[in-house]
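Below: the structure, in structure tokens.
One-based numbering, in listed order, for ligands and for the atoms of each. Along the sequence shown, residues are numbered consecutively beginning with 1.
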Amino acid sequence: MSVKDMMPHFDLFQPSDLDGALSLLEKYKADGWRLAGGQDTYDWIKDRAKQPKALIDLGGIAELKGIKETPEGIEIGALTTLIEVNQSQLIKDKYGLLATAAGRVASPQIRHIGTIGGNVSQDARCWYYRSGLNCYRAGGNTCYADTPEGMNREHCLFGASRCVAVSPSDTAPCMVALDASMVLKGPKGERVVKAEDFFIGPSVNITHMTVTEPDEILTHIRIPSTWANAKYYFEKVADRNTWDFPLVNIASVMQMDGETIKDIRIVCGAVQCTPRRLQAVEEAAKGQPRNEETANAAASLAARGAAPLARNGYKIPLMENLVRRAIRDA
Ligand SMILES: Cc1cc2nc3c(=O)[nH]c(=O)nc-3n(C[C@H](O)[C@H](O)[C@H](O)COP(=O)(O)OP(=O)(O)OC[C@H]3O[C@@H](n4cnc5c(N)ncnc54)[C@H](O)[C@@H]3O)c2cc1C
Ligand code: SF4
């Protein structure tokens with residue numbers, strides 16, 4: 001049983017511009033914590049599992065908010081709320097995949113305050129880690145989930161490397177499917193990282209879910225027009241239909257030439273520590289007629305290479321069924 005003592009002290013800063021936030025991050029380094037809507041953050045702090053010295057609230061920085069059309073596609077400020085992404089007419093019209101996924105995150109209350117930047121930057125949802133145990137991801141030397149008795153029903157099928165946690169975000173697979181780019185600002189200036197390279201697994205860095213450095217801020221997400229107006233499919237399977245994290249989710253976009261699948265991107269979430277692009281499925285479906293036979297052939301490749309843990313083998317047929325539906329029912 002964990003002891004709920006006094007909440008540890010931290011300083012709260014509310015900078016009104018990006019430069020102010022960046023200089024605070026530079027000062028506090030790993031002791032600083034970027035705060036957006038707080039829906040991932042507050043649990044960590046209330047549970048005493050993370051104890052930053054300074055919370056740097058990004059909520060007052062106007063330049064990090066809003067959705068705009070650009071010559072190349074759209075740009076979404078990282079502090080834009082999930083409900084705004086879900087309800088934006090521009091996103092609904094051109095990138096219905098992302099609008100749908102944002103509307104499937106958590107509960108209405110959380111979508112009203114949680115941000116798109118926080119959703120793609122959120123940390124792993126592993127029971128053991130979140131209850132403050134000193135596992136590999138927390139800097140320790142064991143994994144409590146990857147044991148014969150471990151609670152690993154929600155954990156990964158692919159990409160295990162000491163840690164078997166998954167990416168729990170519903171919008172992250174859409175970013176990879178839509179070929180988004182993430183704009184990061186830090187003391188050395190701005191860098192733009194493809195969504196496929198933004199999310200990282202434990203073999204790259206076991207304590208981080210993304211390439212964002214402690215002194216950087218995700219400022220915007222850019223979505224090119226490549227997949228604008230494409231046929232799309234998003235489905236999330238969770239234990240409950242009210243708020244709940246995905247057991248597996250799927251995000252796909254498809255361009256058609258008549259009845260033939262001209263091009264497709266298809267990505268699964270919650271099966272590894274990063275959104276998993278299903279390239280074998282894409283190759284099998286490209287150039288094929290969109291019918292039951294193609295859907296079945298593609299589905300049979302969906303979970304190739306999976307290495308299930310003691311309690312998550314059910315994710316294999318789940319992935320196969322989601323791929324079948326993504327191709328057949330988009
Ligand atoms: C009860 C509950 C149910 C949930 N269900 C789901 C679900 O079904 N699907 C789903 O996808 N998520 C779910 N979540 C997670 C929730 O959606 C995310 O935690 C939320 O979107 C995070 O956004 P936020 O703005 O509140 O993030 P915060 O808590 O403010 O930040 C989250 C993390 O991202 C970092 N961060 C935030 N913004 C930036 C930035 N601009 N640059 C760099 N780092 C940044 C923070 O430092 C922190 O580490 C759930 C959460 C709860 C509490
Ligand atoms: S799966 Fe990862 S986060 Fe969970 S206990 Fe193992 S090392 Fe920690």
Side-chain angles (χ1 to χ4, degrees), residues 18 21-22 25 32-46 50 52 55-59 61 64-65 77-83 85 101-107 109-131 133-147 150-152 154-156 160-174 182-186 202 206-221 236 238-240 242-247 249 269-270 273 309:
L18 194 53
L22 287 171
L25 280 177
W33 184 289
R34 292 150 293 206
L35 177 69
Q39 298 308 296
D40 192 30
T41 301
Y42 298 145
D43 281 351
W44 281 119
I45 295 178
K46 283 190 289 186
K50 304 257 179 182
L55 252 59
I56 298 151
D57 180 0
L58 309 176
I61 307 178
L64 299 182
K65 295 178 182 174
L79 269 281
T80 309
T81 61
L82 290 158
I83 200 82
V85 173
R104 292 289 285 114
V105 171
S107 62
Q109 292 89 338
I110 291 173
R111 293 196 289 275
H112 270 279
I113 193 147
T115 66
I116 190 75
N119 191 261
V120 296
S121 304
Q122 64 178 298
D123 208 344
R125 282 269 156 190
C126 168
W127 283 91
Y128 301 100
Y129 175 48
R130 301 211 60 121
S131 57
L133 290 175
N134 193 28
C135 65
Y136 283 130
R137 186 166 287 278
N141 61 3
T142 192
C143 171
Y144 299 93
D146 191 11
T147 59
M151 288 190 289
N152 51 37
E154 287 90 2
H155 291 67
C156 76
S161 175
R162 292 179 293 152
C163 177
V164 294
V166 295
S167 159
S169 165
D170 281 313
T171 64
C174 305
M182 319 308 253
V183 184
L184 298 169
K185 259 199 186 146
I206 202 163
T207 60
H208 283 75
M209 303 285 284
T210 72
V211 295
T212 315
E213 295 289 345
D215 57 3
E216 285 182 315
I217 290 173
L218 172 66
T219 62
H220 295 90
I221 297 171
K236 160 180 177 171
D239 280 326
R240 306 182 311 156
T242 57
W243 68 264
D244 212 344
F245 285 90
L247 294 168
N249 61 24
C273 195
L309 307 168

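Residue Phe245 touches ligand 1 through backbone and side chain together, judged by heavy-atom distances below 4.0 Å. Here Ile110 has side-chain heavy atoms under 4.0 Å from ligand 1, and that is the only part of it that gets that close. With a 4.0 Å heavy-atom cut-off, ligand 1 is reached by no atom of Thr171. At a heavy-atom distance under 4.0 Å, only side-chain atoms of Leu58, from C-beta outward, approach ligand 1. Residue Ala106 touches ligand 1 through backbone and side chain together, judged by heavy-atom distances below 4.0 Å.
A 4.5 Å side-chain heavy-atom check between Ile45 and Leu55 finds at least one atom pair inside the cut-off. In this structure, the side chains of Thr210 and Met182 stay at 4.5 Å or more apart for every pair of heavy atoms. Taking the side chain as every heavy atom from C-beta outward, Leu58 and Lys65 never approach each other to under 4.5 Å.
Closer than 2.8 Å to atom 6 (Fe) of ligand 2 sit the protein N, O or S atoms Cys143 SG.
Residue Ser169 has no nitrogen or oxygen atom sitting less than 3.5 Å from a nitrogen or oxygen atom of ligand 1, judged on distance alone. By the 3.5 Å distance cut-off applied to N or O atoms, Gln39 is counted among the residues near ligand 1. Between Gly117 and ligand 1, no pair of N/O atoms sits closer than 3.5 Å.
Under the rule for a side-chain contact (heavy atoms from CB on, under 4.5 Å), the partners of Gln39 that lie at least two apart in sequence or sit in another chain are Tyr42, Ile110, Ile113. Every residue two or more places apart in sequence or in another chain was checked for a side chain to side chain donor-acceptor pair (under 3.5 Å) with Thr219, and none qualifies.
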May I have the list of side-chain donor-acceptor pairs in residues 136-147 shorter than 3.5 Å, sequence neighbours left out?
residue	atom	partner	partner atom	Å
Arg137	NH1	Ile206	O	3.0
Thr147	OG1	Tyr144	O	3.2
Thr147	OG1	Gly150	N	2.9

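The protein atom (non-hydrogen) at minimum distance from atom 24 (P) of ligand 1 is Gly37 N, 3.5 Å. Distance from atom 49 (O) of ligand 1 to its nearest protein heavy atom, with residue and atom name: Trp33 CZ2, 3.7 Å. Annotation: atom 46 (C) of ligand 1 to nearest protein heavy atom, Arg34 O, 3.0 Å.
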**Item:** side-chain contact (heavy atoms from CB on, under 4.5 Å) assessment of Thr171 paired with Leu82
**Value:** CA-CA 9 Å; Thr171 64; Leu82 290 158; 4.2 Å; yes
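One finds the CZ atom of Arg34 at 12.0 Å from the CG atom of Leu79 (value rounded to the nearest 0.5 Å).
With respect to the salt-bridge test (charged N to carboxylate O, under 4.0 angstrom), the residues Asp170 and Lys236 qualify.
The heavy atom nearest to atom 8 (O) of ligand 1, out of those in Arg104, Arg240, Lys236, Glu216, is found in Lys236. Heavy-atom proximity to atom 45 (C) of ligand 1, evaluated over Gly269, Ser121, Ala102, Ser107, is greatest for Ser121.
Of the residues listed (Asp123, Asp43, Asp40), the one engaging Arg130 in a side-chain hydrogen bond (donor to acceptor under 3.5 Å, both in side chains) is Asp40, and it is the only one.
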